[in-house]
Peer 1: 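I have a structure I would like to understand better, so I am pasting it below and will then ask my questions one at a time.
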Amino acid sequence: MSKNDHSIQISEIFEEDLVGEQVSLRGWVYRKRSSGNLVFLIVRDGTGMIQTVIHKDNVSEKTFEEGDRISIESSLKMSGVVREDKRAPEGYEISVNDLEIVGLAKPFPITKDQSTSFLLDQRHLWLRSRKLRTIMIIRNQVFVAAREWFKKGGWIEVQAPMFVSAACEGGATLFELNYFENQKAYLTQSSQLYLEALIQAFEKVFTIAPSFRAEKSRTRRHLTEFWHLEVEAAWSDLENIVKVQEELVSYIAQKVSKRMANELKFLGRDPEAIYQVIPPFERVSYDDAIEILQEKKIDVQWGDDLGTIEEKTLTMDYDKPIFIYNYPKQIKAFYHYPDPERPEIVKCDDMLAPEGYGEIIGGGQRIHDLDVLLQRLDEEGLNIEDYQWYIDLRRYGTIPHSGFGLGIERLIAWICKLDHIRDACAFPRTTTRLYP
Ligand code: ATP
Ligand code: MG
């Protein structure tokens, strides 16, 4: 490489005027085409792709040979001159004058028309595909935008343990493991109970962490390990926390729509559809939801949980998410606050995304009264000893409080209009997949 090279990342070619300049870059071969004296390489780096051309007459014999033998997904260093070229896919091209192969790739296993399960086995390589790179860069923006929103509002980011000693969301989906001296531990299903302790120190907290659920149902929206954005707020009732949910989701949607417009379009999602996700979102009580469903001839009774079909039917007429609130006590976890006027329901909400994506948030007000909590633990047949620290929070300075959990991959699947939740993360974990 010559000493005066301007070392760049590919995105700089589109952002700055580098036409006529000698540049050097590092990357991987995305596509290759040769004809006689010419080798065309589409080169990819962490920021973008550019067409490069090696002309036999412009380079040393050795450089041309390297260009001729380089294979798809080989890593390389190259330098050349930036040219404007209307025929190149991005409008620019690099006329190569030097090339060095760093890692010559074996024949790349991923070619056209391969089965989903093959591609999942090759996930570590498939992540280089345009589709997955696009989703992952949008995913990054979801994290960035969420943290921005919390920062503006003065929320504190906290972390809870992943090894826990008791269930948060019921025993059926717990992953159990051995934890020294024959002690049992579980992988956390939610950080919520710990956030409830932390709000008594910080009032407004959030965490973004994995949650683990041994979901036996194989659906397009369940992973066994997912990223969970959880929020807990002191001095907050159901209506307060519902507002937090719609503002947060709207902020993320708008920022992603603006910053990732081209990426969304590439995935077949109209950025405008996401941009118009602005509060208020429709609020429908569970009671009304059951009536609406019955009118639409769905076979459901008061007291039933809402599944995929029910959620799809309820959101059919909306192009923004909606809230369903105040569910029956018997279908919700023990910590939800029973309505003092109607003890058969709890003050909670689910946010349902449109287009059949369904639940992306579960939230609500928590029980802050000691006796009510003890009674609910008892009704659910839970072992009080396992929850002593959690019960303590009602013994020492209890406060009304609320919170929620948002499934990051569910949010991304909806924003990116994905067919399956597994494509919303790099290395999905499902009932049948633990590799790579
Ligand atoms: P569902 O009824 O859809 O299984 P849930 O009611 O069990 O979800 P919550 O306990 O309310 O889920 O968890 C909060 C949020 O976490 C959900 O709204 C969803 O976005 C996400 N979530 C829950 N389970 C999963 C999972 N197995 N895979 C991906 N995301 C999940
Ligand atoms: Mg839920």
Side-chain angles (χ1 to χ4, degrees), residues 139 142 146 160 164 167-175 186-193 195 206-232 238 241-242 244-246 248-249 252 281 286 289 304-312 314-315 321-336 346-354 356-366 380 402-416 418 420-433:
R139 180 182 166 106
V142 167
V164 297
C168 176
E169 294 298 321
T173 63
L174 271 181
F175 277 112
Y186 308 98
L187 290 177
T188 192
Q189 297 164 303
S190 159
S191 300
Q192 180 197 318
L193 306 188
L195 300 195
F206 76 99
T207 194
I208 309 182
S211 279
F212 305 89
R213 304 213 183 162
E215 306 273 2
K216 276 144 210 124
S217 52
R218 280 207 238 160
T219 71
R220 288 171 178 275
R221 55 183 207 173
H222 287 95
L223 296 165
T224 51
E225 174 180 332
F226 66 97
W227 280 74
H228 209 173
L229 185 164
E230 294 187 88
V231 172
E232 207 63 33
L238 178 63
I241 207 69
V242 160
V244 173
Q245 293 167 42
E246 62 186 357
L248 171 68
V249 167
I252 296 172
F281 301 170
Y286 173 88
D304 292 347
D305 206 353
L306 307 179
T308 311
I309 307 232
E310 290 78 18
E311 291 183 354
K312 192 171 182 173
L314 287 168
T315 51
I322 65 169
F323 290 107
I324 308 293
Y325 66 93
N326 289 2
Y327 284 72
K329 184 172 77 175
Q330 72 257 30
I331 55 171
K332 289 289 169 183
F334 71 94
Y335 51 74
H336 287 288
V346 285
K347 299 288 238 178
C348 67
D349 72 276
D350 280 358
M351 185 192 287
L352 311 183
Y357 284 97
E359 182 184 332
I360 52 174
I361 290 185
Q365 188 167 341
R366 323 302 192 190
E380 295 293 316
S402 302
F404 65 89
L406 176 156
I408 295 273
E409 287 81 11
R410 293 237 184 131
L411 176 69
I412 292 168
W414 163 54
I415 288 180
C416 295
L418 305 181
H420 199 295
I421 191 169
R422 64 179 166 233
D423 285 339
C425 58
F427 296 101
R429 293 289 174 256
T430 63
T431 46
T432 54
R433 184 152 298 274

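By convention here, the first residue in the shown sequence is residue 1. FYI, side chains are in, hydrogens and waters are out, and symmetry mates aren't considered; it's all heavy atoms of this structure. Counting convention: from 1, in listed order, for ligands and their atoms alike.
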Peer 1: Just verifying a value: how many Å separate I360 CD1 and I408 CD1, rounded to the nearest 0.5 Å?
Peer 2: 10.5 Å
Peer 1: Within this structure, what is the CD-CZ distance for the pair E232 and F404, rounded to the nearest 0.5 Å?
Peer 2: 9.5 Å
Peer 1: Between atom CD1 of I421 and atom OG1 of T430, what is the distance when rounded to the nearest 0.5 Å?
Peer 2: 11.0 Å
Peer 1: State, to 0.1 Å, how close E169 and Q192 come at their nearest heavy-atom pair, and which atoms those are.
Peer 2: OE2-OE1, 4.2 Å
Peer 1: With a 4.0 angstrom cut-off on heavy atoms, strictly below it, pick out the residues next to ligand 1 and order them by chain and number.
Peer 2: E169, R213, E215, R221, H222, L223, F226, H228, E359, I360, I361, G362, G405, G407, R410, I421
Peer 1: At what distance, to the nearest 0.5 angstrom, does CZ of R410 lie from CG of L352?
Peer 2: 10.5 Å
Peer 1: Supply the atom-to-atom distance T224 OG1 to F175 CZ, rounded to the nearest 0.5 angstrom.
Peer 2: 4.5 Å
Peer 1: As a test of understanding, state which of F323, Y327, Y325 forms a ring-ring contact (aromatic ring centres under 6.0 Å, His included) with Y286.
Peer 2: Y327
Peer 1: If you count the non-hydrogen atoms of other residues, nucleotides and ligands that lie under 6.0 Å from CD1 in I309, is the total more than 12?
Peer 2: no
Peer 1: In a check of salt bridge (Lys or Arg N to Asp or Glu O under 4.0 Å) between E409 and each of R422, R221, R429, R139, which one passes?
Peer 2: R139
Peer 1: Under 2.8 Å from the Mg ion (ligand 2), which protein atoms of type N, O or S occur, listed by chain and number?
Peer 2: E359 OE2
